[in-house]
There are 2 protein chains.
Amino acid sequence: MTTSTQSGSGRGQRVTIADIARRAGVTPAAVSLAVNGRPGVSEATRERIMAIAAELRWEPSPAARALAGAPVLTVGMVLARPAEVLGTESFFGAFVAGLQEVLSRRDYSLQMKIVETTDDEIDTFRRWFAQRRVDGVVVVDLRQDDARIPALEDLGLPALVVGGPGHHGSLPSVYVDDAHATRLLVDHLAELGHRRLARVAGNGDFLHILLRDRAFTERCAELGIDAITQDAGFGTRGAEIATAELMARREAPTAIVFDSDEMTLAGAQVLEEAGSRIPEDVAVASYEDSALTRTHRPPITAIGRSAIEYGRVAATHLLEVIEASRSRYGSSSAPLQESRAIEPVLVVRASTRPGGAEPAPAAHGPSGTGLPSS
Amino acid sequence: MTTSTQSGSGRGQRVTIADIARRAGVTPAAVSLAVNGRPGVSEATRERIMAIAAELRWEPSPAARALAGAPVLTVGMVLARPAEVLGTESFFGAFVAGLQEVLSRRDYSLQMKIVETTDDEIDTFRRWFAQRRVDGVVVVDLRQDDARIPALEDLGLPALVVGGPGHHGSLPSVYVDDAHATRLLVDHLAELGHRRLARVAGNGDFLHILLRDRAFTERCAELGIDAITQDAGFGTRGAEIATAELMARREAPTAIVFDSDEMTLAGAQVLEEAGSRIPEDVAVASYEDSALTRTHRPPITAIGRSAIEYGRVAATHLLEVIEASRSRYGSSSAPLQESRAIEPVLVVRASTRPGGAEPAPAAHGPSGTGLPSS
DNA sequence: TCCTGTTACTATAGCGGTTTAGTCGTGGTC
DNA sequence: GACCACGACTAAACCGCTATAGTAACAGGA
């Protein structure tokens, strides 16, 4: 049966624990115990088995292990938005990279899927769970009263919610403190003397947008300065319109904060074309830092939430949750629903700093399009 | 569509084909034949079985299937670069999004892993193959004499190489015609009257960079104009230095082409700070289009290779290869090593167009633009 | 001497499918 | 009326690994 003459790279038969067992003069069960570091074999035998396994270049079969009940070492993430959005969004790539980094190190892999609707997403979770395809999932793009939360709680699939706080039910979560970020921005602008702030807000379906709304209004009120929130919905087009509307007001704001880096750039463009200088006439800041905000002229003050670090923390936390869910089989210990916050940091750049250290290139013609505007 | 008789969502036992068989009054084997659309059961029985399977919400177990030899419906991708780079690079996110889109539709999932070195990458391929974790892989960041090519050929693991052409051995590949892209750029600038072009080149380890080097020199020679290639290595810092060096020349170029969007912006910044106007004093163009080039002031002329579409094509092609490798079990038909090229398109923007007005994507003809060549 | 405990394994039964070699009734053929 | 082909299933053997009884050998205690 055993063709000991395999050794062909890619050709030969798969080597199984049975092969090892035969060579070691024990049963497959003993090999299983040995390679999994479980008690039941003597140290001498274990070493002998391990040596043979290495020599035979044995690799465990994930399928067989999964079938026998072992974890599949995979976590899933579903994205309910068009692929186009993912491609352009700076946050996505960095977040995934952060996830990957931690997961890879622990020999986990990340499985992703793009779907159309939230229902599809829940359905995917359900199927992944039923098929035992993943050990856990990470939930992104949290919304208010998100239907995925109860669905996942019901399923009992280990899950980590990215976003919050306070809206992730009994599930553990990792989030950036958007209220804190908002205060950083408002306080910074207030210190510079601004007394009329505006915020161009993204899609209000998302929870973090709502949290910003609230914190923005509150903080401005505390400081006794004017706060205008202008809804811009999705995309850059909305940001352009919102910016134009803001500047058309009788009492136009002296500083504008945008909910994303793309929106910021769109808004800044409108401002420049209307002849407003940044930061002399209007200060500009972004809730999201990226290559876009860094390389823009002038560079834009932004909240640095380090998407990559965000991903790392999320992955680490999820793995802990999975680990815990595995061990607490009989003992009904606490469900480990802990939340972790990531501290937002304010990165001040020339777009809010009139006398900035780096003298931004004099506004001799930021819009070189050749079209003399207004 | 959760029925009220959810039968313990998350609690109940997993439903298997044995359950279906019992309900249908047949054996598990019959169920297997039925649900897989294989001959051997009558149409009536098949329908009955399918109905019961749906009613019981049966989900096949991927592990069991894989163990029994079925494909695992997963493709892998390994990235041998630091997570940081991925996060900042615009190409990555879009490419992955494109891959995902196609894979998801076909019920495949993408598995990614980040490693340190090319050796780790090959090792990962080897283990994935040995463990039957993936049905195929996509290879990115092709280099000259890439060690992964022979390794994969040897393994016999279906693989698709992103990049080329001509350096992917017997493996199928998808690539952007960088020589063509180069001609588009050079011809465009030559038509505008530029007679001294420079190219700020990225990491020469990558194959596509070499192909650009060659094409750039050749095309400029054909047109009888000066060509300067300035190596900048990795990152934006190198691009800044390279740009400064170019402009310090006695005969400074009147147009500069950069190998990536990030490099372009870094270079543009150097130019602006040195008082050179774009495009009046120096025209600027990028080999890579992205939000960065689009939103920069002035907007930057770039090669649009649509990373997302690139991903879609790659995924489609890889699935075909996997499909083929599966069916050609006995018959040793051709190994389907076909290559597919993606047509690069030149998107002309204000950074090369002094009197530019319309931001219309001006796609040039497939090859040279009328200028006589050898 | 009997009994209880360890230790180090072995034997065996799954996990949930797929697959191959039967088995059985039926109808057509000559 | 025996022969045969055929469609529709069944029985059983895997796939590779894990888990759980069970067993043999030996030690220690009463």
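In this text the structure is predicted, and so the values were computed from the model without any measurement.
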- Message: What is the separation between atom CZ on B/R132 and atom P on D/dG16, rounded to the nearest whole Å?
- Response: 9 Å
- Phosphate oxygens OP1/OP2 of D/dG7: is one of them under 4.0 Å from a side-chain N or O of B/S42? no
- Item | Residue pairs involving residues 33-43 of chain B (criterion salt bridge (charged side-chain N to carboxylate O under 4.0 Å, His left out); sequence neighbours excluded) | B/E43-B/R46
- Item | B/R312 side, atom CZ; B/Q100 side, atom CD - distance, nearest 0.5 Å | 12.5 Å
- Hey, what do you get for CD1 (A/I20) to CE (A/M50), rounding to the nearest 0.5 Å? 9.0 Å
- Sub-3.5 Å donor-acceptor pair from the side chain of B/D135 to the main-chain atoms of B/L73, do we have one? yes
- Item | Interatomic distance, B/R23 atom CZ to B/L56 atom CG [nearest 0.5 angstrom] | 5.0 Å
- Task: Using whole Å, report how far CG of A/L67 lies from P of D/dA19.
- Result: 12 Å
Atom pairs under 3.5 Å, N or O on each side, protein against nucleotides 17-24 of chain C: can you list them with distances?
{"residue": "C/dG17", "atom": "OP1", "partner": "B/W58", "partner atom": "NE1", "Å": "2.8"}
{"residue": "C/dG17", "atom": "OP2", "partner": "B/I17", "partner atom": "N", "Å": "2.8"}
{"residue": "C/dT18", "atom": "OP1", "partner": "B/N36", "partner atom": "ND2", "Å": "2.9"}
{"residue": "C/dT18", "atom": "OP1", "partner": "B/R65", "partner atom": "NE", "Å": "3.0"}
{"residue": "C/dT18", "atom": "OP2", "partner": "B/S32", "partner atom": "OG", "Å": "2.5"}
{"residue": "C/dT18", "atom": "OP2", "partner": "B/N36", "partner atom": "ND2", "Å": "3.0"}

- Message: Can you see whether B/Q111 engages A/S109 through a side-chain donor-acceptor pair at a distance of less than 3.5 angstrom?
- Response: yes
- Message: Measure CZ/B/R46 against C1'/D/dG7 and give the value in whole Å, please.
- Response: 13 Å
